[in-house]
Amino acid sequence: MKTNTLTPDLLQKIDAYWRAANYLSVGQIYLFDNPLLKRPLTLPDIKHMLLGHWGTTPGQNFIYAHLNRIIKKYDLDMIYVSGPGHGGPAVVGNTYLEGTYSEIYPDISQDEAGLQRLFLQFSFPGGIPSHASPECPGSIHEGGELGYSLSHSFGAVFDNPELIVACVIGDGEAETGPLATAWHSNKFLDPVTDGAVLPILHLNGYKISNPTVLARITHKELDQLLRGYGWTPYFVEGHEPALMHEAMAQTLDLAIEQIKQIQRNARDQGDLTRARWPMIVLNSPKGWTGPKVVDDHQIEGTFRAHQVPISVSATAPLEHLKLLEDWLKSYRPDELFDEQGRLQPGLFDLAPKGDRRMGANPHANGGMLLRDLRMPDFREYAAKVPEPGVIGIGDTHVLGPFLRDVTQLNDAQRNFRVFGPDETLSNGLEALFEVTQRQWDAATLPNDEFLAPRGRVMEMLSEHQCEGWLEGYLLTGRHGVFNCYEAFIHIIDSMFNQHAKWLKVCHEIPWRRSIASLLPSRRSRSWRARMNAVVDGSRQRRRII
């Protein structure tokens, strides 16, 4: 007879922790006042404008609670990437429950007054956005522009051998081109020197008003698709909380043990056979635990749960206020928080401690880990120009030896990489291959050049992946360059701007440490023009050189 992973006491506590996170999430979307429901809800307790995204949030709260358990069980170094757009209530609420949020923002205290401020600030003038923004501790990925969660996650684990990134991927997000391509990042991961990414596909069925593609294909077809990408998928499916808690606990244990076994085989036994890394498909209702029916429309498990499932205002039906109150009370907040508004001690102890909390992990505030590059003297690379008008060797043929020597000087500390879509040679940076290889974990043939299980050059014919990998690498405290033809680099214009916006906000947040600059090198041979654009992570500004 199989023994359950969760004891009855632990099952009850994890479920209560999940309820607490759900309660905080609903409170953030709706409540202006009365955070503990010590009196019946009235309209003045409700925000005048309701903004937020409920549909993805309870599933993410479920995931976060279970990740806390495995972090403690296996003493994991783990961060959390929230891919599904505006799932801000989940990451804010969970970092508050674990204590990180109050440590960084003392006015958002662990009491009733702090709860009221936590709720009020969400999607409110002078407050915080509805997504996993830089203001949220533990976040390296905003999710406002969908498609880059998995790319950022892989960038974060390159050269971070002990780090695991739990990457939650929305099934709507999974329809984007960058995300669909990012599944192939597992062919570029070295299990010896890199960490691991644990993708969790959140299959809740709907986007804003449409079903998702992956939710409307058969279980067999989805399984085949993910296996075709090279993953080993494990499915956690259902809606009954007790059964889902046990299934998620068993599956996470299996996934973590498989990750550790892959790494042991590579690091201790020298087994470099390409691994089929584990991933999880969480199939749960959209808007799980939320209102079932409103105005004769089904809400839970439909697209109607995506944003704010109940309208509550002076012009909305009066019964909506009662529906909201019943929804909030369904989480039984009197069992979760004491009279002063503090989380019950038995529940607070479920979270990891110190830097093991996902909101406090230094990798999510990469400037804390940043080390200066060892740099050669750039003057030694000057090209001789004997007289005006002489045709030179080309700027990148000068840059190549410089990057070669930067790579070699920093080889021991492993904090510098060059990213590009199959253009390192054609862009004139061939000198790099005098000291390193392209990192590649798929099959190789005798006529291939410069491919090896580990290397400092990362090439994939997807500008989105190269940019996303680099951003994840920088955000976790390292340095890098992205080289690309000018005609193609515009593919990542919006990514580049998103990163610049992230840094702009970080500059206004005292606890966010500066990271290294993002350096895309744009080259156009037809126009003989070169342009290097810099998003400076230390000054949080953009400039062209």
| Are Glu175 and Lys207 close enough for a salt bridge, meaning some N to O gap below 4.0 Å? | yes
| Do we get Arg417 above Phe158's six-membered ring, with its NZ or CZ under 6.0 Å from the centre and within 45° of the axis? | yes
| Can a donor-acceptor pair be found between the side chains of Glu98 and Asn94 at a distance below 3.5 Å? | no
| Backbone N/O of Gly52 and side chain of Ser130: donor-acceptor pair under 3.5 Å | no
| request: Provide the closest heavy-atom pair for Ile310 versus Leu324 in the form atom of the first, atom of the second, distance. | output: CD1-N, 4.1 Å
| field | Approximate separation, where rounding is to 0.5 Å, of Arg69 CZ and Met248 CE | value | 10.0 Å
| said: Please verify the inter-ring angle class for His131 with His86; under 30° counts as parallel, over 60° as perpendicular, anything in between as tilted. | reply: perpendicular
| So, Asp338 and Arg342, do they make that salt bridge, N to O below 4.0 Å? | yes
| Between Asn34 (side chain) and Asp45 (backbone), is there a donor-acceptor pair under 3.5 Å? | no
| request: Step by step, work out the side chain to side chain contact (heavy atoms under 4.5 Å, CB included) result for Phe119 and Phe124. | output: CA-CA 9 Å; Phe119 293 170; Phe124 198 81; over 6 Å; no
| said: Salt bridge check, Glu339 against Lys38: does any charged N sit closer than 4.0 Å to a carboxylate O? | reply: yes
| message | Taking the ring centre of each residue, are Tyr206 and His306 less than 6.0 Å apart? | response | no
| task | Would you check if Asp355 and Asn361 make a side-chain contact, meaning some heavy-atom pair closer than 4.5 Å? | result | no
| said: Regarding Ser109 and Asp111, do their side chains bring together a donor and an acceptor under 3.5 Å, going by distance alone? | reply: yes
| field | Criterion side chain to side chain donor-acceptor pair (under 3.5 Å) on Asp190 and Thr193, from CA distance to verdict | value | CA-CA 6 Å; Asp190 176 17; Thr193 61; 2.7 Å; yes
| field | Candidate pair Asp372 and His479, rule side chain to side chain donor-acceptor pair (under 3.5 Å), full reasoning | value | CA-CA 9 Å; Asp372 289 343; His479 306 259; 5.7 Å; no
| request: Flag this pair as yes if the NZ/CZ of Arg19 is under 6.0 angstrom from the six-membered ring centre of Tyr331 and inside a 45 degree cone about the axis; otherwise no. | output: no
| query | Is there a donor-acceptor contact under 3.5 Å linking the side chains of Gln465 and Thr181? | reply | no
| NZ/NE/NH1/NH2 to OD/OE distance under 4.0 Å, Asp75 and Arg356 | yes
| Any sub-3.5 Å donor-acceptor pair from Thr476's side-chain atoms to Tyr473's backbone N or O? | yes
| query | Is the shortest side-chain N to carboxylate O distance from Asp253 to Lys73 below 4.0 Å? | reply | yes
| task | Please confirm whether the backbone N or O of Pro291 pairs with a side-chain atom of Glu300, one donor and one acceptor, at under 3.5 Å? | result | no
| message | Checking Gln258 now: which residues fulfil side chain to side chain donor-acceptor pair (under 3.5 Å) with it, not counting sequence neighbours? | response | Tyr234
| What heavy-atom pair brings Leu198 and Pro278 nearest, and what distance separates the two atoms? | CD1-O, 3.6 Å
| query | Do side-chain atoms of Ser139 reach the backbone of Pro134 as a donor and acceptor pair under 3.5 angstrom? | reply | no
| said: Looking at Asp15 and Leu11, would you say the former's side chain and the latter's main chain have a donor-acceptor pair under 3.5 Å? | reply: no
| For Ala247, does its backbone N or O pair with a side-chain atom of Thr251 as donor and acceptor, under 3.5 Å? | yes
| request: Just do the side chain to side chain contact (heavy atoms under 4.5 Å, CB included) check on Val165 and Asn160 with the steps written out, would you? | output: CA-CA 10 Å; Val165 177; Asn160 268 330; over 6 Å; no
| task | Measure from the ring center of Trp54 to the ring center of Trp327 and say whether it is less than 6.0 Å. | result | yes
| request: Might you confirm whether atom NZ of Lys187 has over 12 heavy atoms from other residues, nucleotides or ligands at distances under 6.0 Å? | output: yes
| field | Thr100 (side chain) donor-acceptor with Tyr96 (main chain) under 3.5 angstrom | value | no
| Under 3.5 Å: donor-acceptor pair, side chain of Arg512, backbone of His507 | no
| Test item: side-chain donor near acceptor, Gln439 and Asp194, under 3.5 Å | yes
| Under 4.5 Å between any side-chain heavy atoms of Asn61 and Trp288, yes or no? | no
| said: Can you confirm whether the side chains of Tyr148 and Gln498 place a donor and an acceptor under 3.5 Å from each other? | reply: no
| said: For the CZ atom on Phe32, are there more than 12 heavy atoms of other groups (residues, nucleotides or ligands in this structure) within a distance under 6.0 Å? | reply: no
| How many angstroms lie between CZ in Arg478 and CG in Leu373, if you round to the nearest 0.5 Å? | 12.0 Å
| query | Would Phe154 and Trp469 count as a close aromatic pair, with their ring centres under 6.0 Å? | reply | no
| query | Mind checking whether Phe62 and His245 have ring centres under 6.0 Å apart? | reply | yes
| request: Would you please classify the geometry between the Tyr64 ring and the Tyr80 ring as parallel, tilted or perpendicular, with 30° and 60° separating the classes? | output: tilted
| remark: What one should report as the nearest heavy-atom pair of Asn68 and Pro352 is OD1-CD, 3.4 Å
| said: Check the orientation of His141 and His152. Use parallel for under 30°, tilted for 30 to 60°, and perpendicular for over 60°. | reply: perpendicular
| said: Is it the case that the side chain of Glu246 and the backbone of Leu6 share a donor-acceptor pair, with hydrogens and angles ignored and the cut-off at 3.5 Å? | reply: yes
